[in-house]
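Everything numeric in this text was worked out from a predicted model, so none of it was measured.
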Amino acid sequence: MVKNKIKIGVIGIQGDVSEHVIMMQKTLKETNTPGEVFIVKTKENIDEIDALILPGGESTTISKILNKSGLYTRIQKRIKENNLPTMGTCAGCVLLAKKLTDTYRDVTLLEAMDIQVTRNAFGRQKESFEKNLRIDGLHSMFNAVFIRAPVIEKTWGNCKPLAKIDKKIVMARQGNLLALSFHPELTRDTRIHKYFLEMII
Ligand code: GLN
């Protein structure tokens, strides 16, 4: 349970940062939840937040800068010790994983979720697509945007798949952690951000 005004941080290194900020602000407004959303740039910011969003972008780049800036260990610590609610979309989903299907020495994982992820599993940029998804916990279909998206090959432990395309898992939850291979911040539909908000409050 969080204090009267919640603070949600969006990692502001690269990728669709402002889209997440705008979407989360809209979500707070629509649900009448007192709170603020801000861009996280320093490791000190990590101690101030009640929840974290890892946006899409390029996981190699984001991971490199997270490492250099000391943000990585701080995030890992808060997830482990304080159960910090965290949502990772696309590249963010890659970073939350405990395992990658291929070994990329240029990506350091947060190793937070019991998931194995394959990067760029649907092909290159031009193979980007939209798809109506059935998602556990949502009453109707969600129009999901996939851009060089990863796939969650498998989950184990307490991690549960929430959405699939054929047999490919594209959304999963483990306690306070949420991983999505698609981009809910690129739509006008706030239901995924609301789902995340309910995990925080
Ligand atoms: N393919 C990218 C990666 O592996 C993710 C793409 C995205 O976030 N839209 O990091």
Side-chain angles (χ1 to χ4, degrees), residues 1-2 6-11 15-37 49-57 79 83-97 112-118 121-122 127-201:
M1 183 49 96
V2 178
I6 60 168
K7 284 187 168 187
I8 302 168
V10 179
I11 290 291
D16 41 6
V17 179
S18 56
E19 289 85 349
H20 267 298
V21 172
I22 291 166
M23 202 63 168
M24 205 67 227
Q25 282 169 338
K26 193 171 167 217
T27 305
L28 290 173
K29 209 168 171 193
E30 282 175 6
T31 55
N32 270 323
T33 310
E36 60 177 305
V37 189
I49 54 174
D50 303 304
L52 180 66
I53 295 176
L54 294 160
I79 290 178
N83 259 327
L84 181 73
T86 305
M87 170 165 76
T89 60
C90 206
C93 164
V94 174
L95 298 179
L96 282 173
M113 287 182 77
D114 294 337
I115 57 178
Q116 180 179 325
V117 170
T118 304
F122 296 99
E127 271 99 42
S128 299
F129 61 98
E130 291 183 26
K131 172 117 184 126
N132 267 324
L133 280 186
R134 194 176 302 286
I135 297 176
D136 274 10
L138 299 191
H139 296 304
S140 56
M141 307 288 263
F142 189 91
N143 186 39
V145 179
F146 292 82
I147 304 168
R148 288 189 303 125
V151 130
I152 300 169
E153 297 291 346
K154 57 179 176 186
T155 66
W156 62 93
N158 293 326
C159 186
K160 297 276 169 287
L162 295 181
K164 288 181 185 175
I165 295 180
D166 303 323
K167 287 198 170 132
K168 295 176 171 149
I169 304 165
V170 291
M171 181 169 173
R173 176 176 178 178
Q174 181 174 347
N176 273 351
L177 307 173
L178 194 61
L180 293 80
S181 16
F182 52 96
H183 290 272
E185 72 289 359
L186 298 182
T187 65
R188 282 159 187 247
D189 191 338
T190 50
R191 285 180 296 159
I192 303 258
H193 287 75
K194 279 191 188 124
Y195 183 99
F196 181 54
L197 183 61
E198 275 164 26
M199 289 166 52
I200 308 168
I201 53 181

Give the minimum heavy-atom separation between Asp136 and Tyr195, together with the two atoms involved. O-CE1, 4.2 Å
Applying ring-ring contact (aromatic ring centres under 6.0 Å, His included), name anything that partners His193, two or more places apart in sequence or on another chain. His20
Can you name the residues that form a side chain to side chain donor-acceptor pair (under 3.5 Å) with Asp189, not counting sequence neighbours? Arg191
Heavy-atom nearest pair, Ile11 first then Pro55, reads O-CG, 3.3 Å
I'd like to know whether Ile147 forms a side chain to side chain contact (heavy atoms under 4.5 Å, CB included) with Leu186, so could you lay out the CA-CA distance, the side-chain angles of the two residues, the decisive distance to 0.1 Å, and finally the verdict. CA-CA 11 Å; Ile147 304 168; Leu186 298 182; 3.6 Å; yes
Least distance between heavy atoms, Cys90 atom then Gly56 atom: CB-CA, 4.1 Å
Once you round to the nearest 0.5 Å, how far does CD of Glu198 lie from OG1 of Thr27? 10.5 Å
Is there side-chain contact between Lys26 and Ile22, with heavy atoms separated by less than 4.5 Å? no
Could you work out, with side chain to side chain donor-acceptor pair (under 3.5 Å) as the rule, every residue matching Glu30, not counting sequence neighbours? Thr190, Lys194
Validation row: Leu197, Met24 side chains within 4.5 angstrom (heavy atoms): yes
Roughly how far apart are Ile192 CD1 and Leu178 CG, rounded to 0.5 Å? 7.0 Å
Testing the basics here: between Met199 and Pro85, what is the closest heavy-atom pair and its distance to 0.1 Å? O-CG, 4.3 Å
CG-CG distance between Leu133 and Leu180, expressed to the nearest 0.5 angstrom: 9.5 Å
Shortest non-hydrogen contact between Ser181 and Ala149, atoms and distance: O-CB, 3.5 Å
Qualifying residues under side chain to side chain donor-acceptor pair (under 3.5 Å), relative to Ser128, sequence neighbours excluded: none
Does any N or O in the side chain of Lys131 come within less than 3.5 Å of the main-chain N or O of Phe146, such that one atom is a donor and the other an acceptor? no
Qualifying residue, where the test is side chain to side chain contact (heavy atoms under 4.5 Å, CB included) with Leu52 and the options are Val10, Thr86, Leu177, Ile200: Thr86
For the pair Gln174 (side chain) and Asp114 (backbone), establish whether a donor and an acceptor sit closer than 3.5 Å, ignoring hydrogens and angles. yes
Across all chains, not counting sequence neighbours, the side chain to side chain donor-acceptor pair (under 3.5 Å) partners of Glu19 are none
Among Val37, Ile49, Ile201, whose side chain to side chain contact (heavy atoms under 4.5 Å, CB included) with Ile6 holds? Ile201
Working to the nearest 0.5 Å, report the span between CZ of Arg188 and CE of Met23. 9.5 Å
Compile the donor-acceptor pairs under 3.5 Å between side chains in residues 152-171 and protein atoms, sequence neighbours left out, one pair per line.
{"residue": "Glu153", "atom": "OE2", "partner": "Thr118", "partner atom": "OG1", "Å": "2.5"}
{"residue": "Thr155", "atom": "OG1", "partner": "Cys159", "partner atom": "O", "Å": "3.4"}

